[in-house]
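A quick write-up on the structure given underneath.
Values reported hereafter were calculated over all heavy atoms of this structure, with side chains retained and with hydrogens, waters and symmetry mates removed. Per chain, numbering begins at 1; letters A, B, ... match sequence-line order.
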2 protein chains.
Amino acid sequence: MALRQAVLAALLEGEASGYQLAKRFDVSVSNFWSATPQQLYRELDRLEQDGMIEGRVVEQQGRPNKRVFTLTTAGRDHLHAFTAQPSKPTAIRDDLLVKIQAFDSTDQDAIRKQLLIRLEQARQKLTLYDKLRDDLLAGQAEDTYLRTADRIGPYLTLIGGRMFEQQNIAWCTTVLELLDQRA
Amino acid sequence: MALRQAVLAALLEGEASGYQLAKRFDVSVSNFWSATPQQLYRELDRLEQDGMIEGRVVEQQGRPNKRVFTLTTAGRDHLHAFTAQPSKPTAIRDDLLVKIQAFDSTDQDAIRKQLLIRLEQARQKLTLYDKLRDDLLAGQAEDTYLRTADRIGPYLTLIGGRMFEQQNIAWCTTVLELLDQRA
DNA sequence: TCACACATGTAACACGTTACATGATTTG
DNA sequence: CAAATCATGTAACGTGTTACATGTGTGA
């Protein structure tokens, strides 16, 4: 049950509607917690019922109204308490790795293609993260940023995402080379 | 729905009981697909009903009998078809990263401790994977192994696991350093 | 005019987690 | 003598996924 806390943590960035949260999850939170829009809408309803967030309706012209949510004190307290608890090990679930485990019983060309796709996706994510990092730093050196920034949490997870994608690129490249050696 | 295929892929290593599969998932499969014993027992029942695996009871003395499962042709066919499908992006779910996203609203010493624990766990996993790799290679050079081995899938995912843990170690170390700079 | 972005939601189902239950044997 | 290992299972609950539904505004 950390979807709850991931939502609270995402709201530390500022108030958001379900739709906006879904985007936020898509671009940055998904490095460490993946969730679909439907999960978010459901969780937002529960969090509101439990008094961890507060929603207010923002009326818009031409667009559907939106419900925008803000953390309450109870929400912040809950998040604080959560972060002091011991962490569970990372749960990874990766389709492609299952296929590669079964590599020798597969259509090996199909696997190679999927590796190339994964490699390209990782490169694109890395480019995105580099851009986000530049935006966060806003021209400052890293150590200046770390000493002066209001919040460094999002920077630290971003660095994690970058390293993860770099590792992904390295792994895809290595496997493609090893497959060439095999053939 | 790739638990199903992860189980089939794990059975490529040879027949296993639910209990043995759980161990197999624990030591190696968990790099790319995590599952609890209860999930495995349930999935094995379904796979048997669907004719993808076949179970036979092995009687033992002093221990409870066990049901050992083997892939059927239908199971192999299903796995083969699955591997040709496009893959979904990796789903990561990591408690600790949620906490680090919220870092600035946390008990920061507690986070530091959790980072140290995670670092130690990653080091231990890396040691384990290095050992497993040595066992697989059995003294051969990598390129010899790749050309002559029956199955290279498990080797490729093992390499993935090793790289993942190396990256984990690097990330934990980096974050701990950045936190020192902040303080 | 077709697709995409905005914005939310329901319903059904599949999957994952946790707690509990049982009971013999081996290892420290 | 206690704890861990072997071995399986039920039940309840919580989370995650998929499909569908609705309707306006904007840009190619």
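Side chain of Glu13(A) to backbone of Ala10(A): no donor-acceptor contact under 3.5 angstrom is found. Under the 3.5 Å distance criterion, the side-chain polar atoms of Ser87(A) are left unmatched by any main-chain donor or acceptor of Asp95(B).
Direction of the helix axis in the helix from dT1(C)-dA28(D) to dG28(C)-dC1(D) shifts by 60° between the two five-pair termini, rounded to 10°.
Checked against salt bridge (charged side-chain N to carboxylate O under 4.0 Å, His left out), Arg112(A) has the following partners two or more places apart in sequence or in another chain: Asp180(A). Listed by chain and number, the residues in a salt bridge (charged side-chain N to carboxylate O under 4.0 Å, His left out) with Arg76(B) amount to none (sequence neighbours excluded). Residues passing the salt bridge (charged side-chain N to carboxylate O under 4.0 Å, His left out) test with Arg67(B), sequence neighbours excluded: Asp45(B), Glu48(B).
When hydrophobic residues (I, L, V, M, F, W, Y) are linked wherever their side-chain heavy atoms come within less than 4.5 Å, the members clustered with Val68(B) are Val58(B). The hydrophobic cluster containing Ile117(B), built from Ile/Leu/Val/Met/Phe/Trp/Tyr side-chain heavy atoms closer than 4.5 Å, comprises no other residue. Hydrophobic side-chain contacts under 4.5 Å tie Phe164(A) into a cluster, directly or through other members, with Ile92(A), Ile92(B), Phe164(B).
Contact check of residues 11-32 of chain A against DNA chain D (heavy atom, cut-off under 4.0 Å) returns no residues at all. For the segment residues 89-98 of chain A, residues with any heavy atom less than 4.0 angstrom from an atom of DNA chain C are, sorted by number, Arg93(A). Within residues 35-48 of chain B, the residues having any heavy atom under 4.0 Å from DNA chain C are, by residue number, Thr36(B), Gln38(B), Gln39(B), Arg42(B), Arg46(B).
To the nearest 0.5 Å, atom OG1 of residue Thr73(A) and atom NE2 of residue His80(A) are 13.5 Å apart.
Protein chain A contacts DNA chain C from dA5(C) to dT18(C), reading 5' to 3' and using non-hydrogen atoms of the protein with a distance under 4.0 Å.
Summary of the strand contacts: Gln60(B) and Ser34(A) both lie near DNA chain D, and taking for each the nucleotide with the nearest heavy atom, the more 5' one is attributed to Gln60(B). Heavy-atom distances to DNA chain C give each of Met1(A) and Phe69(A) a nearest nucleotide, and the one nearer the 5′ end belongs to Phe69(A).
Residue pairs that meet the side chain to side chain donor-acceptor pair (under 3.5 Å) test with at least one member in residues 160-170 of chain A, sequence neighbours left out, are Asp130(A)-Arg162(A).
Taking the charged nitrogens against the carboxylate oxygens, Lys131(A) and Asp135(A) have no contact shorter than 4.0 Å, which rules out a salt bridge. Remark: Lys113(B) does not engage Asp109(B) in a salt bridge, criterion side-chain N to carboxylate O under 4.0 Å.
The side chain of Lys88(B) contributes an N or O atom lying less than 4.0 Å from OP1 or OP2 of dT18(D).
With Asp94(B) as reference, Thr90(A) is the one residue of Thr157(A), Asn31(A), Thr90(A) to meet the side-chain hydrogen bond (donor to acceptor under 3.5 Å, both in side chains) rule. Considering Arg56(B), Lys66(B), Arg24(B) as possible partners of Glu15(B), the one that fulfils the salt bridge (Lys or Arg N to Asp or Glu O under 4.0 Å) test is Arg56(B).
At a cut-off of 3.5 Å, with distance as the only test, a side-chain donor of Glu120(A) or Gln124(A) sits close to an acceptor on the other residue.
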